[in-house]
Protein chains: 2
Amino acid sequence: MSRADTLPAAANADAGTARVELGELGTSLGFMMRIAQLRLFERFFERFGGLDLKPGEFSLLWVIHLNPGIRQGGLAHALRIKPAHMTKLIRKLEEQGIVTRHIPDDDRRSVELTLTEPGKRFVEERQADFFGADDYHGNALTRAERLQLAELLQKYCGPDWWHE
Amino acid sequence: MSRADTLPAAANADAGTARVELGELGTSLGFMMRIAQLRLFERFFERFGGLDLKPGEFSLLWVIHLNPGIRQGGLAHALRIKPAHMTKLIRKLEEQGIVTRHIPDDDRRSVELTLTEPGKRFVEERQADFFGADDYHGNALTRAERLQLAELLQKYCGPDWWHE
DNA sequence: TATTGTTATACTCTATAACTATA
DNA sequence: TATAGTTATAGAGTATAACAATA
């Protein structure tokens with residue numbers, strides 16, 4: 001054929017190899033949030049891969065640490081995790097000896113959560129890493145930009161939803 | 001027992017019912033990106049729920065629209081979708097008559113993608129909605145804030161990774 | 001040998017609904 | 001009758017590795 005290293009069909013100029021044009025997608029919040037989250041996970045595992053701890057799990061421990069005796073449902077709501085899923089997550093942490101479940105006398109349907117001593121130590125030792133200003137948290141951003149980014153994300157959610 | 005409506009154990013003041021303290025988590029990028037993305041999905045389905053279209057699918061069609069003849073692998077890389085997953089997505093869109101797969105003579109391993117006429121119409125008709133300044137895209141933010149948010153997310157990813 | 005895409009498989013996260021025990 | 005949590009089940013999204021066809 002006569003088109004081996006000449007142009008492909010006119011309609012398909014640069015088919016495949018050229019840089020991909022994203023247009024408005026590059027400033028679309030939906031797309032950018034997804035991409036940024038993928039990047040964040042990548043960095044998380046570069047940083048904490050050896051720990052056998054998933055991003056969401058530290059959040060869980062952190063909130064129990066700050067709110068000892070929090071009820072399982074309250075935790076689920078604060079973190080936007082479905083109660084059915086929370087049951088599994090807490091069960092696992094309990095088996096690992098990190099979290100204690102306690103059924104209070106004044107409402108025996110509910111479950112109150114606290115960290116065990118090893119659990120507390122675990123959180124306190126890693127707190128600086130997880131909330132620190134390192135690669136994972138965006139070394140490409142200044143401290144002010146990081147804060148601004150978090151605040152814009154909060155504002156995107158809206159106050160009604162945020163404090164509901 | 002003598003503690004029915006008195007205080008629970010001292011350590012568990014306000015167990016369960018008080019407002020949950022999030023501490024540094026509230027300005028943690030990992031947590032906030034997850035929360036904001038959940039909110040975005042919620043809004044997406046409020047807005048486009050009737051369409052039987054998932055958030056990622058419009059992105060796919062949009063990029064094919066802007067890059068007719070793009071190769072399947074190039075699309076997968078640009079959108080950070082794994083090739084194995086892309087196969088399934090494209091297959092579905094092909095069955096719906098929205099996308100055409102074409103195997104070029106100059107490299108018969110590859111697959112070039114274009115939109116069908118109905119596909120083009122579909123994208124062009126919805127483009128304003130998907131990229132518009134409405135509820136879904138964050139009515140809580142000004143136009144400038146929305147742009148700034150997208151740019152900070154881009155910057156978080158870092159230029160090396162972004163254009164790799 | 002390397003590359004492009006496909007198939008098969010599995011694992012995580014999430015969603016839903018039915019269930020229990022308590023209130 | 002309502003609420004807190006549990007169980008069971010299913011679906012979406014993604015990851016991996018083995019594979020076929022082509023380069």
Side-chain angles (χ1 to χ4, degrees), chain A residues 1 4-5 15-17 30-31 33-35 37-42 44-45 49 52-57 59-60 69-95 99-113, chain B residues 1 4-5 15-17 30-31 33-35 37-42 44-45 49 52-57 59-60 69-95 99-113:
Chain A
M1 296 278 165
D5 35 313
T17 28
F31 181 69
M33 280 189 204
R34 173 174 172 276
I35 294 292
Q37 209 176 28
L38 288 179
R39 186 73 179 104
L40 185 130
F41 285 152
E42 224 176 68
F44 182 93
F45 289 113
D52 184 35
L53 189 73
K54 275 159 278 181
E57 279 176 353
S59 305
L60 220 57
I70 188 174
R71 278 166 49 174
Q72 204 167 296
L75 182 62
H77 181 257
L79 264 37
R80 262 72 186 185
I81 292 172
K82 288 276 182 296
H85 189 203
M86 185 59 78
T87 296
K88 288 182 247 179
L89 296 175
I90 294 298
R91 191 79 73 191
K92 183 185 164 200
L93 293 170
E94 193 190 19
E95 279 163 12
V99 162
T100 305
R101 292 157 32 93
H102 172 249
I103 298 184
D105 284 343
D106 64 321
D107 185 349
R108 299 187 41 74
R109 296 170 304 180
S110 67
V111 177
E112 290 177 358
L113 305 171
Chain B
M1 300 278 166
D5 36 316
T17 28
F31 181 69
M33 279 189 206
R34 174 174 172 276
I35 294 293
Q37 208 177 28
L38 287 178
R39 186 72 178 104
L40 184 130
F41 285 152
E42 224 177 67
F44 182 92
F45 289 113
D52 184 35
L53 189 73
K54 275 159 279 181
E57 278 176 354
S59 304
L60 220 58
I70 188 174
R71 279 166 49 175
Q72 204 167 296
L75 183 61
H77 181 257
L79 265 37
R80 262 72 185 186
I81 293 172
K82 288 275 181 298
H85 189 202
M86 184 59 78
T87 296
K88 288 181 248 180
L89 296 175
I90 294 298
R91 191 79 74 191
K92 183 185 165 200
L93 293 170
E94 193 190 18
E95 278 163 12
V99 162
T100 305
R101 293 157 32 94
H102 172 250
I103 298 184
D105 283 340
D106 63 323
D107 184 349
R108 300 187 42 73
R109 296 170 305 181
S110 66
V111 177
E112 290 178 358
L113 304 171

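Keep in mind it's a predicted model, so treat the numbers as computed, not measured. A, B, ... follow the sequence lines: proteins, then strands. Residue 1 opens every chain.
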Go through C/dC13, C/dA15, D/dG5 for me and flag the one nearest to the A/Lys82 side chain. C/dA15
Is a salt bridge present between B/Glu112 and B/Arg71, judged by a nitrogen-to-oxygen distance below 4.0 Å? no
Expressed in angstrom and rounded to an integer, what is the separation of B/Glu57 atom CD from D/dG13 atom P? 8 Å
If you define the side chain from C-beta out and look only at heavy atoms, does anything of B/Arg91 sit under 4.5 Å from B/Lys88? no
Nucleotide nearest A/Gln72 when distance is taken to its side chain, options C/dA8, D/dG5, D/dA21: D/dG5
Output yes when a side-chain donor or acceptor of B/Arg34 lies under 3.5 Å from a complementary backbone atom of A/Leu79, and no otherwise. yes
The side chain of A/Arg91 lies closest to which of these nucleotides: C/dT6, D/dT6, D/dG13? D/dT6
Quick check for you: among D/dT14, D/dA23, C/dT6, whose closest atom lies nearest to any side-chain atom of B/Val111? C/dT6
Taking atom types as they are modelled, would you say the side chain of A/Lys88 forms a donor-acceptor pair with the base of D/dT7 within the 3.5 Å cutoff? no
Do B/His85 and B/Leu89 make a side-chain contact, defined as non-hydrogen atoms from C-beta onward lying under 4.5 Å apart? yes
Would you check if A/Phe31 and B/Pro55 make a side-chain contact, meaning some heavy-atom pair closer than 4.5 Å? no
Got A/Ile90 and A/Gln72 here, is their nearest side-chain heavy-atom distance under 4.5 Å? yes
Can you pull out how bent the helix from C/dT1-D/dA23 to C/dA23-D/dT1 is, comparing the axes over its first five and last five pairs, to 10°? 10°
Could you give the CG-to-P distance, from A/Leu113 to D/dG5, as a whole number of Å? 8 Å
A/Ile103 has an atom CD1; how far is it from atom C1' of D/dT3, in whole Å? 15 Å
Any side-chain N or O of B/Arg108 under 4.0 Å from OP1/OP2 of C/dT4? no
Separation of C/dG5 P from B/Glu112 CD (nearest whole Å): 10 Å
Quick note, A/Pro83 side chain, CB onward, closest among D/dT14, D/dT6, D/dA4 is D/dT6
When you measure from the side-chain N and O atoms of B/Arg101 to the phosphate of C/dT4, is any distance below 4.0 Å, counting only OP1 and OP2? no
Rounded distance in Å - CG (A/Leu60) to P (C/dC13): 12 Å
When all nucleic acid strands are considered with a 4.0 Å heavy-atom cut-off, which category describes A/Ala84: base, sugar-phosphate, or nothing? base
Do the side chains of A/Leu60 and A/Ile81 get nearer than 4.5 Å, heavy atoms only? yes
First of B/Leu89 and B/Arg109 reached from the 5' end of DNA chain D, by closest nucleotide: B/Leu89
Would you indicate, yes or no, if D/dT14 has its OP1 or OP2 atom less than 4.0 angstrom from a side-chain nitrogen or oxygen of B/His85? yes
Look at the side-chain N and O atoms of A/Thr87 and state whether any lies under 4.0 Å from the OP1 or OP2 oxygen of D/dT6. yes
Less than 4.0 Å between a side-chain N and a carboxylate O, is that true for B/Lys92 and B/Glu95? no
Rounding to a whole Å, what distance do you find between B/Ile90:CD1 and C/dT7:C1'? 17 Å
Tell me the interatomic distance from A/Arg80, atom CZ, to C/dC13, atom C1', rounded to whole angstroms. 18 Å
What integer distance in Å separates B/Glu94:CD from C/dT6:C1'? 13 Å
